[in-house]
Amino acid sequence: MASLRTIRGRIKVVRNSQKITKAMKLVAAAKLRRAQDAVLRARPYAQLLDELLGSLVKARAEAELPPHPLMEVREPKRVEVVLLTSDRGLCGGFNSNVVRRAQRFLVEEGPRFESVQFSTIGRRGRDFARKRGIQTRKDYLGFFGKLRFGMAKEVADDLIAEYQKKELDAVYLLYNQFKSAIAQQITLVQLLPIVASQPPKQAGEKSLVTPEHIYEPSRPRVLEHLLPRQLAVQMWRALLESEASEHGARMTAMDSATKNATEIIGRLSLEYNRARQAAITKELMEIVSGAEALK
Amino acid sequence: MLKVEIVTPERRVLTVEADEVRLPGVEGSFGVRPGHTPLIAALAAGQLTLVQGGNEQRYAVGEGFAEVSEDQVRVLVEEAVRAEELDPARAEKELAERQKKLQSMRPEDPEYEAVRAHVERAAARALVATRRF
C-alpha cells in the first residue's frame, strides 16, 4: 500500500487540477453565452441576403439565363476543403472530430477528384496537417476571441479569387455546427460554386422580396454585387457557430473533468483513511504486545 | 414616416423613424421618402444620411444593399459608423495608407480587388468624417 504521504500528495495534485478545470468551465460558459448572442445578432442580415439570392436566382432561371460564373457547376477536378478548427485545445472531441471527418472525406470522396487540398482556420487544424505532413494552401490563425466580419471576408475573397482563376473547381467547408450548448454537429457544406439555399419559411412569415420590387441598377448587377457577399456571410456564420461550439465543447469537457476529479479525490481519500486506520491499528497492536511481553 | 433599419453582419446598428433617407447607390446617391416604390438597390461605400425633422444624421457605410417596401427601409451594409464617432485625422491617414498600398499593386494581383474595396471604404469614412453637411 502507498504511504500516507504519497496519497496525500496525490490528492493535492488532483485537487489543484480540479480548481483549474472548474475555472475553465465557468469561463467557457460565459464565453459561450457571448458567442451565442453573436450568432443571433448575425441572423437578420444573413436571412435577408439568403432571401434576396433565392429570388434572384429563381428569376434568372425563369428567364433561361445561364447561371452566374460563381454558381456555375464545373466538373470538380481540383477540390479544396477548408477545415474550421479552434486555436486552443482542451475542448474534448471538437477538433479531432473535424480532422477525422476530413480523413474520411479523403478516403471516401477523394478518388472522385484529381486532387484534394486543404486550408485551415485555427491553430489546431494547422498543427494536425503539419503533423501528418499534409500541405495546406492557407492557414489562418488567431481569429477566435475577436471575430470580425472582415476575417470572413478575407477568407471568402481569397477562395473566390482561386475559383475564378480556375485553380479550384469546388470548395467545401468542414466545421462544427452549433446545435446546443452540449451538442455540436460536424457539417460539410459546399461553398463554391455557390448554392442558393431557400431558408425554410415559417407559417405566416411573409416574404420580404416580392415581384413588385424594382432592382437598382439592374438584376444582374445586384446579383453580381450579392454573390461574393453571400459567400462571406456563409463563412461568417460558420465562424460564429464554430466559436460557440468550441466553448460549448470546452464547457462539457471541463465539466466531466471536474466530475472525474471529484471521483478520484473520493477514492484517494478512502484509501488514505484506510491506510491511516491500518497504521493506527498496527501501532496499537505493537504497544499492546510490547506490554504483554513485559509481564 | 419611414422606418429605417441599419443592419451589419455583426449586429443591428439601429432602428429609427425618419422623414427621408439618402443612400449611396452604386450608380449615384438617391433618396427615399415615404411612398417610395418597392426597391432593391446595390449600395457602394459612402455616406448615408438620415433626415429627421430638421435634423440630419450622417453615417459612413460599407458596400451592401437596401430594400425598400411599405415605408420600411432595410439597409444591409458591411459596416456603419456614425459621423460623430469618426476621427477625421485618423480616417484621412488610413485612406492615404490604403491608397499607397493600392498604387503599389497591379490590377492583375489577386488581392487587388480586396484592397480596392478597402480604399473605397476608407474614402467613405474620410468623406463622412471631414464633411460637415
Side-chain angles (χ1 to χ4, degrees), chain A residues 37-49 51-53 55-56 147-165 167 206-226 228-230 232-237 239-240, chain B residues 3 5-15 23-32 36-45 61-70 72-81 94 98 105 107-118 120-122:
Chain A
D37 284 348
V39 171
L40 290 180
R41 276 202 308 272
R43 213 164 264 170
Y45 187 92
Q47 250 166 9
L48 196 58
L49 235 58
E51 210 178 300
L52 196 51
L53 180 65
S55 78
L56 281 168
L147 282 176
R148 307 289 311 190
F149 183 67
M151 296 166 178
K153 198 145 192 329
E154 184 191 337
V155 178
D157 286 346
D158 170 64
L159 290 173
I160 288 172
E162 290 294 305
Y163 188 78
Q164 278 171 337
K165 278 191 287 176
E167 294 286 332
K206 72 179 171 98
S207 189
L208 294 165
V209 182
T210 63
E212 288 86 63
H213 276 96
I214 50 172
Y215 288 81
E216 193 62 45
S218 67
R219 249 176 223 208
R221 285 284 300 281
V222 172
L223 183 65
E224 208 172 287
H225 201 67
L226 177 64
R229 280 176 185 92
Q230 169 69 16
V233 166
Q234 218 183 338
M235 199 67 230
W236 173 238
R237 266 172 137 175
L239 282 173
L240 291 174
Chain B
K3 206 179 141 221
E5 232 182 308
I6 301 180
V7 187
T8 70
E10 287 172 16
R11 68 203 175 96
R12 193 184 295 269
V13 179
L14 90 161
T15 316
L23 298 158
V26 284
E27 291 191 341
S29 293
F30 61 95
V32 176
H36 199 285
T37 30
L39 169 78
I40 288 169
L43 303 181
V61 295
E63 306 91 329
F65 303 89
E67 189 265 340
V68 183
S69 57
E70 295 166 13
Q72 276 213 16
V73 185
R74 286 192 193 81
V75 182
L76 300 155
V77 283
E78 287 179 10
E79 60 171 34
V81 194
E94 230 174 62
R98 289 183 179 181
M105 297 173 84
E108 301 86 69
D109 286 339
E111 278 150 33
Y112 187 84
E113 267 309 301
V115 175
R116 200 186 50 76
H118 273 148
E120 277 176 17
R121 219 170 300 162

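Lettering of chains follows the sequences in order, A, B, ..., and the numbering in each one begins at 1.
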Legend entry - Distance in Å, A:Gln47 CD paired with B:Leu76 CG, rounded so as to fall on 0.5 Å steps: 11.0 Å
Legend entry - Residues that B:Glu79 engages under side-chain hydrogen bond (donor to acceptor under 3.5 Å, both in side chains), provided they are two or more places apart: B:Arg125
Inset, instruction - Kindly compute the distance separating NE2 (B:His118) from NZ (A:Lys153), expressed to the nearest 0.5 Å. - result: 7.5 Å
Inset, instruction - Check each atom of A:Ala46 against the heavy atoms of chain B and say whether the ones under 4.5 Å are side chain, backbone, both or neither. - result: neither
Legend entry - Residues that A:Arg221 engages under side-chain hydrogen bond (donor to acceptor under 3.5 Å, both in side chains), provided they are two or more places apart: B:Glu27
Legend entry - chain B contact via A:Leu52 - which portion, at a heavy-atom distance below 4.5 Å: side chain
Inset, instruction - Verify side chain to side chain contact (heavy atoms under 4.5 Å, CB included) between A:His225 and B:Val26, making sure each step is shown before the conclusion. - result: CA-CA 10 Å; A:His225 201 67; B:Val26 284; 3.9 Å; yes
Inset, instruction - Output the distance between atom CZ (B:Phe65) and atom CG (A:Leu48), rounded to the nearest 0.5 Å. - result: 9.5 Å
Legend entry - Interatomic distance, B:Leu43 atom CG to A:Glu216 atom CD [nearest 0.5 angstrom]: 10.5 Å
Inset, instruction - Grab the two heavy atoms, one from B:Val68 and one from A:His213, that are nearest each other, plus how far apart they are. - result: O-NE2, 3.3 Å
Legend entry - Minimal non-hydrogen separation, A:Tyr45 against B:Thr8, with atom names: CD1-C, 3.6 Å
Legend entry - Separation between CG of A:Leu56 and CD1 of B:Ile40, rounded to the nearest 0.5 Å: 6.5 Å
Inset, instruction - Would you mind checking if B:Glu10 and A:Arg41 are paired as a salt bridge, meaning a charged N to carboxylate O distance below 4.0 Å? - result: no
